[in-house]
Structure formats: structure tokens, C-alpha cells
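Index from 1, following the sequence. Every heavy atom of this structure was used, including side-chain atoms; hydrogens, water molecules and symmetry mates were not.
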Amino acid sequence: MSGAVRHPVAKYWHSEDGRVRCLLCPNRCLIAPGKTGRCLGRRNVEGRLIAENYGEVVSWAIDPVEKKPLYHFYPGEEIFSVATYGCNLLCPFCQNWEISQCRAPTRYIPPEELVKMVQDAGLRLVSYTYTEPLIWFEYVLDCGRLMHEAGIRNVLVTNGMVEPEPLEEILPVIDAMNIDLKSIREEFYRDYVQGFLPAVLNTIRQAKVRCHIELTTLLIPGRNDSEAELEALTDFVAGLGRDTVLHFSRYFPRHKAREPVTPEATLIRAAEIAKRKLDYVYLGNVHLGPEFRDTFCPGCGTVLVDRSGYQGRVVNVEAGRCRVCHRQVELIL
């Protein structure tokens, strides 16, 4: 198949002074002829914006759903994971920078073939992950529709950097999202990762009422781990409802970042602050006690999901309720 057929004209752009303005994310790149935007996936070809990353897959694998992390969405199941190259942020600590910050080698996989790959793996969940899936907008939209027709549920693991209109278009085919809330401070987004906090907060609010969401904050020493920031971040998440799931994840030096590894004490302190206002707070990338990884009934404290590493096992749940106090569980099973 030729590149022109493989790669459709992108959605969300307009012409501007001989160049094209991409309107998919708040970067709003103004792209000269022959060039791509910051995300590397959308190119100005003869005055039209082409979704050059459409169907271009750099990686696929089968993961535990807990690895996304999603702890309240089909806990214990496996999920098909797939990624393209590129990203619309420039995080100096990116653990996948080899595929997010450059044009990595790909294999073209049309949507119908991807659906078959998930079916052949015997799975009912697929995640668009590892890099930023919303820059893969047209492909995820097409795959998402076909996956739903096949009874497969779609998951985004995303930084949330997208404009409201395209998000609204894609949400009907999305069943769950893990959204990075990297910080609650605009300066962190503007100066450290070259992004826009208001857009991320809007994505979280917009998605919360349309699909299952869980939030993840990577705690980086000296960058986003002060008590004042953790309090403010908790207040925002609690404003979505105390049943909102929040993960704090341990940072390790990667890519260009040289800050030391997050101390366990910082993670525990973050969890203590968040648990004052949230029912479900988890710690990731660290081996601590079950109080930081298992899911407990907020009504009576009974364990509902027992976890070891990335493996989850639903226990003490009958007909969607806690077996002990009969409170309805906040899990999608």
C-alpha cells in the first residue's frame, strides 16, 4: 500500500500563511511545508496536514492491566498494548524517550489487522500506550470503533494534552483512561515538560464524566513533591469525587533527568496526605506493604483486590458488592 493511501489527511488543522496550523493539541504547531509538528506524527505535505503516523506501530505487547496502571478496571486481566512513535511533551525524565522523542522504526498495521491481533491473543482489552496515544488520533479513532464492534474495550494511557473538541470526538470509543497529572503547578508544565496544565485539567474533567479514569503522578524529588503541592494536587483530585483513583509513582533517573530516586518516605507521605480525602490511593514502582497496593472496601476495610507485583486477584466481591458489608464496589469487573 502506498504511503498516500496509508496515511490519511489529518483532522483538526487549518491553512495559515502558506503553512498549516495543527489544532489537535494545545501546542498548536505552525508547520512549514515538508515539516512535522513537535509530536513528529503529523506532516505538512503540499499544504495539507497528513497523519503520517497512521497505522505506524513501533511496539506491541501483552501486559497486566495493573501495569498501565489501572487498578479498578478489570483487575487481574491482561491487556494488549500498542504504541506509535512521538509525543507532544518534552519530559526530561521520559522512560520511553527512544520511541517518544524520535522517529523510531515502525511496522504498518491497518486497524482491521490490529483488531485480529487482539482477538487472536484472546483478550478483550486494548491499550494505546508507551508513547502519547492522542497524537495518533485518527488511527486510535478508527481502531476504537472496530474494537467496540468486536466487543473489545479501549484504554488510553495519556498525558492529557489535547484540545476539547477532538477529545469529545474520541471519547465515545474510549472505555478507560490513565491520565498523567504530572504536577498541579503551571510552571512545572510550562518550564519543565513544555506543556499546558489547563489543557490537562480540562481533559481530566471532561473524561471523568464519560469513562473510567485513574490518575498518575510521578513524584520527582525537588520538582513536584512539596507538601504544599501534594495538598493542592489532592484537593483537585478530591474535587472530582473521593472515589477517584490516584497513583503516586516512584521516579528513577532516565533520559536527561538527574534528580535522585524518590525516597520511600516521600511516597508514603504523599499517600498519607491523599488518603485524607480520597478512598483509593496507590504507590507504584516500589515494594511496600499491602496498604499501598491492595484495594480495600471504604465501608468496612475488607480487601477487595489482592495484588502481588502487577498481578491482581478479586476477592470478597459478590454480585458487585463487598461480601462483608454489602457496599457496592467501585470496580469495573
Show which side-chain atoms of residues 325-333 pair as donor or acceptor with protein atoms under 3.5 Å away, not counting sequence neighbours.
unit_1	atom_1	unit_2	atom_2	d
Glu330	OE1	Tyr280	OH	2.5

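- Cluster note: Trp97 groups with no other residue, as no ILVMFWY side-chain heavy atom lies under 4.5 Å from it.
- Seen from the ring of Tyr71, Arg307 counts as a face-on cation partner, given the 6.0 Å and 45° thresholds.
- Ser183 places a side-chain N or O within 3.5 Å of a backbone atom of Arg185 that can act as its donor or acceptor partner.
- Shown here is Arg210, whose CZ atom has more than 12 heavy atoms of other residues, nucleotides or ligands within 6.0 Å.
- A 4.5 Å side-chain heavy-atom check between Ile79 and Val155 finds at least one atom pair inside the cut-off.
- There is a path of hydrophobic side-chain contacts, each under 4.5 Å, that joins Leu156 to Val115.
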Practice item. Tell me, with the steps shown, if Ile179 and Thr216 meet side chain to side chain contact (heavy atoms under 4.5 Å, CB included). Key: CA-CA 6 Å; Ile179 307 171; Thr216 297; over 6 Å; no

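- A cation-pi arrangement, defined by a distance under 6.0 Å to the six-membered ring centre and an angle within 45 degrees of its axis, is present between Arg223 and Tyr192.
- Looking only at side-chain heavy atoms (C-beta outward), Val65 and Glu78 stay at 4.5 Å or farther from each other.
- Around atom CD of Glu16, more than 12 heavy atoms belonging to other residues, nucleotides or ligands sit under 6.0 Å away.
- Annotation: His212 is not in aromatic contact with Tyr74 [ring centroid separation under 6.0 Å not met].
- The side-chain heavy atoms of Val157 and Tyr128, taken from C-beta on, include no pair separated by under 4.5 Å.
- Rounding to the nearest 0.5 Å gives a distance of 11.5 Å between CG of Leu278 and CD1 of Ile273.
- With a 4.5 Å cut-off on side-chain heavy atoms, Leu49 and Cys22 count as touching.
- At least one side-chain heavy atom of Leu218 sits less than 4.5 Å from a side-chain heavy atom of Phe93.
- Ring pair His7/Tyr54: centre-to-centre distance not below 6.0 Å.
- The neighbour count for Glu165 CD, taken as heavy atoms of other residues, nucleotides or ligands under 6.0 Å away, does not exceed 12.
- In this structure, Val162 is a member of the same hydrophobic cluster as Ile174, with clusters built from ILVMFWY side-chain heavy atoms closer than 4.5 Å.
- Here the shortest heavy-atom pairing between Asn202 and Pro164 reads ND2-CG, 3.5 Å.
- For Glu227, the salt bridge (Lys or Arg N to Asp or Glu O under 4.0 Å) criterion is met by Arg269, not counting sequence neighbours.
- Glu66 and Gln311 share no donor-acceptor pair across their side chains, judged by distance under 3.5 Å alone.
- Under the side chain to side chain contact (heavy atoms under 4.5 Å, CB included) rule, Thr203 has a single partner from Glu163, Met161, Met177, which is Met177.
- Distance check, rounded to the nearest 0.5 Å: CD of Glu318 to CZ of Arg323 gives 4.5 Å.
- Hydrophobic clustering keeps Val314 apart from Phe73 (ILVMFWY residues linked when any side-chain heavy atoms are closer than 4.5 Å, directly or through intermediates).
- A 4.5 Å side-chain heavy-atom check between Pro221 and Tyr251 finds at least one atom pair inside the cut-off.
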Practice item. Report the C-alpha distance between Thr262 and Ile220 in whole Å, list the side-chain angles of each, state the deciding distance to 0.1 Å, and finish with yes or no for side chain to side chain contact (heavy atoms under 4.5 Å, CB included). Key: CA-CA 6 Å; Thr262 316; Ile220 305 172; 5.8 Å; no

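- At a threshold of 4.5 Å between non-hydrogen side-chain atoms, the residues Lys182 and Leu89 count as touching.
- Cation-pi geometry between Arg6 and Tyr108 is satisfied (NZ or CZ under 6.0 Å from the ring centre, within 45° of the ring normal).
- Cluster membership check: Phe296 does not share its hydrophobic cluster with Val305, using side-chain heavy-atom separations under 4.5 Å among Ile, Leu, Val, Met, Phe, Trp and Tyr.
- Every residue two or more places apart in sequence or in another chain was checked for a ring-ring contact (aromatic ring centres under 6.0 Å, His included) with Tyr189, and none qualifies.
- Between the side chains of Ser81 and Asp63, at least one donor N or O sits under 3.5 Å from an acceptor N or O.
- A donor-acceptor pair under 3.5 Å is formed between the side chain of Trp13 and the backbone N or O of Ala10.
- Judged by distance alone, the side chain of Asp225 and the main-chain N or O of Gly222 form a donor-acceptor pair under 3.5 Å.
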Exercise for review: Would you check, one step at a time, whether the test side chain to side chain contact (heavy atoms under 4.5 Å, CB included) holds for Val245 with Tyr282?
Suggested key: CA-CA 8 Å; Val245 180; Tyr282 303 101; 3.6 Å; yes

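- A continuous path of Ile, Leu, Val, Met, Phe, Trp and Tyr side chains, each step under 4.5 Å between heavy atoms, connects Val140 with Ile152, placing both in one hydrophobic cluster.
- For Ala271 against Val281, the heavy-atom pair with the smallest separation is CA-CG1, 4.0 Å.
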For residues 31-41, please give each side-chain donor-acceptor pair under 3.5 Å, one per line with the distance, not counting sequence neighbours.
unit_1	atom_1	unit_2	atom_2	d
Arg38	NH1	Asn88	O	3.4
Arg38	NH1	Gln194	O	2.7

**Study point:** CA sep, side-chain torsions, deciding dist, call: Lys11, Glu169, salt bridge (charged side-chain N to carboxylate O under 4.0 Å, His left out)
**Key:** CA-CA 11 Å; Lys11 290 171 172 275; Glu169 182 176 2; 3.0 Å; yes

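- A heavy-atom distance below 4.5 Å is found between the side chains of Trp136 and Val82.
- For Asn96 (side chain) and Thr131 (main-chain N/O), no donor-acceptor pair under 3.5 Å exists by modelled atom type.
- Not one N or O on the side chain of Ser127 forms a donor-acceptor pair closer than 3.5 Å with the backbone of Thr129.
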Practice item. Show the numbers, then the answer: is there a side chain to side chain contact (heavy atoms under 4.5 Å, CB included) between Val193 and Arg190? Key: CA-CA 6 Å; Val193 300; Arg190 184 190 63 220; over 6 Å; no

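- Other residues, nucleotides and ligands place no more than 12 heavy atoms under 6.0 Å from the CD atom of Gln95.
- Remark: Arg276 engages Glu231 in a salt bridge (Lys or Arg N to Asp or Glu O under 4.0 Å) (not counting sequence neighbours).
- No side-chain donor from either of Glu132 and Ser100 sits under 3.5 Å from a side-chain acceptor of the other.
- Between the side chains of Asp175 and His148, at least one donor N or O sits under 3.5 Å from an acceptor N or O.
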Exercise for review: I would like to know whether Glu214 and Lys68 meet salt bridge (charged side-chain N to carboxylate O under 4.0 Å, His left out); could you show each step before the answer?
Suggested key: CA-CA 10 Å; Glu214 301 188 20; Lys68 298 299 100 186; over 6 Å; no

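- The pair Arg107-Glu56 does not count as a salt bridge, with every side-chain nitrogen at least 4.0 angstrom from each carboxylate oxygen.
- Judged by distance alone, with hydrogens and angles left aside, the side-chain atoms of Thr106 form no donor-acceptor pair with the main-chain N or O of Val57 at under 3.5 Å.
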Point to revise | Derivation of the salt bridge (charged side-chain N to carboxylate O under 4.0 Å, His left out) call for Arg42 and Glu52 | key: CA-CA 5 Å; Arg42 302 159 80 81; Glu52 193 175 66; over 6 Å; no

Practice item. Given side-chain hydrogen bond (donor to acceptor under 3.5 Å, both in side chains), test Asn285 with Ser249 step by step and report yes or no. Key: CA-CA 6 Å; Asn285 285 348; Ser249 190; 3.1 Å; yes

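- Open room surrounds NE2 on His287; 12 or fewer heavy atoms of other groups in view lie less than 6.0 Å from it.
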